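As the structure is a prediction and not an experimental result, all values here were calculated from the model. Labels below follow one simple rule: chain letters A, B, ... track the order of the sequence lines, proteins then strands, and each chain is numbered from 1.
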Protein chains: 2
Amino acid sequence: MNRKTQTRDPELTRARILEAAEALFVEKGFSAVKLSELARAAEVTKSLIHHHFGSKEQLWEAVKNRAFERYFTAQMAMLEEAGEPDAALLRRSVEAYFHFLRDNPGVVRLFAWTHLEGDSHCGELDNQLVGAGAEWVRQTQLRGLLRADINPTHVIAVFVMTCTQWFEAKCHHQHWPGMGSDEAFLEDFLKIFMEGVTPRE
Amino acid sequence: MNRKTQTRDPELTRARILEAAEALFVEKGFSAVKLSELARAAEVTKSLIHHHFGSKEQLWEAVKNRAFERYFTAQMAMLEEAGEPDAALLRRSVEAYFHFLRDNPGVVRLFAWTHLEGDSHCGELDNQLVGAGAEWVRQTQLRGLLRADINPTHVIAVFVMTCTQWFEAKCHHQHWPGMGSDEAFLEDFLKIFMEGVTPRE
DNA sequence: GCGCTAACTGGCCGGCCGGTCAATTAGCTG
DNA sequence: CAGCTAATTGACCGGCCGGCCAGTTAGCGC
């Protein structure tokens, strides 16, 4: 509580570097970031970055790991407080995921950079997330509350991908004629999605 | 027909540079590409690149413009050979778009890089594409063949975004447990999507 | 064939990139 | 308080980046 008025504080230094690095990497991607500007932004010498993280690449890995860890634990927490597997749960999951991405634009961009690098690490990370989600869908299908003729993983994938792309490509489609707000789009997507996964009477 | 055995051919040189540049930019993004490697790949001197395109930035713009032009005209062609506005047309449009992206992975990656740059140029380009598509949806809604309580632009957006993200984030979700092939996913997506936009009896 | 334009070449440049290193010193251990 | 570890500094490095320029020459109009 009282500490950190010292002149040296390696943990805080690491944190400052990580913070500045995440902001810059999120904005410009790995190769467009210069260590010099990063050092300036973190109010740290370039040498300190190397001292704490070894190289630019290793720092990039550290930034990604930290961010994806946060993403993962946040999703895991949502998952655990879920209730009975039914259509309402699916709807709430979509809403929660959409709003999580809206509130964490950095994660969305990090995912995008990572995809372009072809790095599949982030995908492996949420294997159990998707696995659990798909299992719920399957159970809901068995209870007759969702259409049974659709691969449960695909159900998860469809809403994850739509939400992700909405925020990832915002600059692309936000000026399309007739395009609505975040909430208006979410509502329309849910109309289509929920109707599409619900069994006919 | 016979020409191009000459020692000089500016058009072919430009084309060679554009070709090599597109391949490299698609793979690595703007800032990770070095003019030296690009020159080597195009079998051209670095000076020649500057001679024909001015700067690295201008070359990047030229590459994007050319690619998006191709995308635009291809979509426009599809649009013109469409028939009566009904649900079947919508389904065929989704299939056509999905397969176009599958067959043009470079375009998908260029879009992704462009989105991360925050460049909205590509979005403005297909304003009329989306406008026309939304208008069709609206007409189909008026004829009672699609649900009328959904913003037509959002209908277009949902399938465009799902298709795009499927290919953009392939490395992310291709190893998810239970994930199917391109065609299996498309089929399931169409089940959800078409059912979701069709009016109840 | 003559001359002009522009395609093309090779050498060069200033700057800054990521990274290293030796020296300094704060802060903990005993 | 001594002694050690590691956080921190600033000077420095080789390499290569994007870009420039003076000079050469192919091809075309006249």
Side-chain angles (χ1 to χ4, degrees), chain A residues 1-66 113-114 117 119, chain B residues 1-66 113-114 117 119:
Chain A
M1 197 67 72
N2 57 327
R3 54 202 291 267
K4 311 301 137 100
T5 39
Q6 313 163 342
T7 59
R8 290 187 182 191
D9 186 338
E11 278 179 43
L12 196 151
T13 302
R14 277 184 68 96
R16 282 232 305 278
I17 294 172
L18 278 171
E19 209 68 32
E22 181 166 331
L24 284 171
F25 283 143
V26 158
E27 189 196 338
K28 314 178 156 197
F30 176 73
S31 55
V33 171
K34 327 286 184 190
L35 281 191
S36 53
E37 70 172 334
L38 169 47
R40 214 177 311 122
E43 294 180 287
V44 145
T45 58
K46 225 176 21 162
S47 313
L48 261 186
I49 300 173
H50 283 102
H51 176 67
H52 285 289
F53 294 95
S55 72
K56 194 187 170 189
E57 252 96 1
Q58 286 171 277
L59 175 57
W60 173 228
E61 292 301 322
V63 165
K64 284 193 289 184
N65 285 341
R66 198 180 67 132
W113 291 118
T114 307
E117 281 179 352
D119 180 359
Chain B
M1 199 67 72
N2 58 328
R3 54 199 293 268
K4 311 303 136 100
T5 38
Q6 314 163 343
T7 59
R8 291 186 181 189
D9 187 339
E11 277 178 45
L12 195 151
T13 302
R14 279 184 65 97
R16 282 232 306 279
I17 295 172
L18 279 170
E19 211 68 33
E22 181 165 330
L24 284 170
F25 283 143
V26 157
E27 188 196 341
K28 315 180 156 197
F30 175 72
S31 54
V33 171
K34 327 287 184 190
L35 280 191
S36 53
E37 70 173 330
L38 170 48
R40 214 177 311 122
E43 294 181 287
V44 146
T45 58
K46 225 173 25 160
S47 314
L48 217 35
I49 299 173
H50 284 101
H51 176 69
H52 284 290
F53 295 95
S55 70
K56 194 187 171 190
E57 252 95 1
Q58 285 171 278
L59 175 57
W60 173 229
E61 292 302 320
V63 166
K64 285 193 290 185
N65 285 342
R66 199 181 65 134
W113 291 117
T114 308
E117 283 180 350
D119 181 357

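Ranking D:dT9, C:dG19, C:dC17 by closeness to the A:Thr45 side chain, first place goes to D:dT9. Of the candidate nucleotides C:dA26, C:dT9, C:dG18, C:dG18 has the atom nearest to the side chain of A:His50. Listed nucleotides: D:dC17, C:dA7, D:dG18. Nearest to the side chain of B:Pro10: C:dA7. The side chain of A:Leu35 lies closest to C:dG18 when the candidates are D:dA26, C:dG18, D:dT8. Looking at the side chain of B:His51, the nearest of the listed nucleotides D:dT9, D:dG19, C:dA7 is C:dA7. The side chain of A:His52 lies closest to D:dT8, out of C:dA7, D:dT8, C:dG19. Checking C:dG19, D:dA11, D:dA6 against every side-chain atom of A:Ser47, the shortest atom distance belongs to D:dA11.
For B:Thr7, a side-chain nitrogen or oxygen approaches OP1 or OP2 of D:dG27 to under 4.0 Å. Within the structure, every side-chain polar atom (N or O) of B:Thr13 is placed at least 4.0 Å from both OP1 and OP2 of C:dA7.
Positionally, the nearest nucleotide of DNA chain C for A:Glu37 lies more toward the 5' end than for the other of A:Gly54 and A:Glu37.
Two residues are said to be in side-chain contact when any heavy atoms from C-beta on lie closer than 4.5 Å; A:Trp60 and A:Glu117 meet this criterion. The shortest side-chain heavy-atom distance between B:Lys34 and B:Leu38 does not fall under the 4.5 Å cut-off. Counting heavy atoms from C-beta on, the side chains of B:Asp119 and B:Trp113 never come closer than 4.5 Å.
On a pure distance criterion of 3.5 Å, no polar donor-acceptor pair joins the side chain of A:Lys56 and the base of C:dG19. Side-chain N/O atoms of B:Lys34 and base N/O atoms of D:dG18 include no donor-acceptor pair closer than 3.5 Å.
The CG-C1' distance, from A:Leu38 to C:dC16, rounds to 16 Å in whole Å. What separates CD of B:Glu43 from C1' of C:dC8 is a distance of 15 Å, to the nearest Å. To the nearest angstrom, C1' of D:dT5 lies 10 Å from CZ of A:Arg8. For B:Asp9 and C:dA6, the CG to P distance is 16 Å, given to the nearest whole Å. What separates CD1 of A:Ile49 from P of C:dG18 is a distance of 9 Å, to the nearest Å. Look at CG on B:Leu48: it is 17 Å from P on D:dC21, rounded to the nearest Å. Per the geometry, CZ belonging to B:Phe30 stands 14 Å off P belonging to D:dC17, to the nearest Å. If you take CH2 of B:Trp60 and P of D:dG18, they are 14 Å apart, rounded to a whole angstrom.
For the salt bridge (charged side-chain N to carboxylate O under 4.0 Å, His left out) test, residues two or more places apart in sequence or in another chain that qualify with A:Lys28 are A:Glu37.
To the nearest 0.5 Å, the span separating CD on A:Gln58 from CG on A:Asn65 amounts to 11.5 Å.
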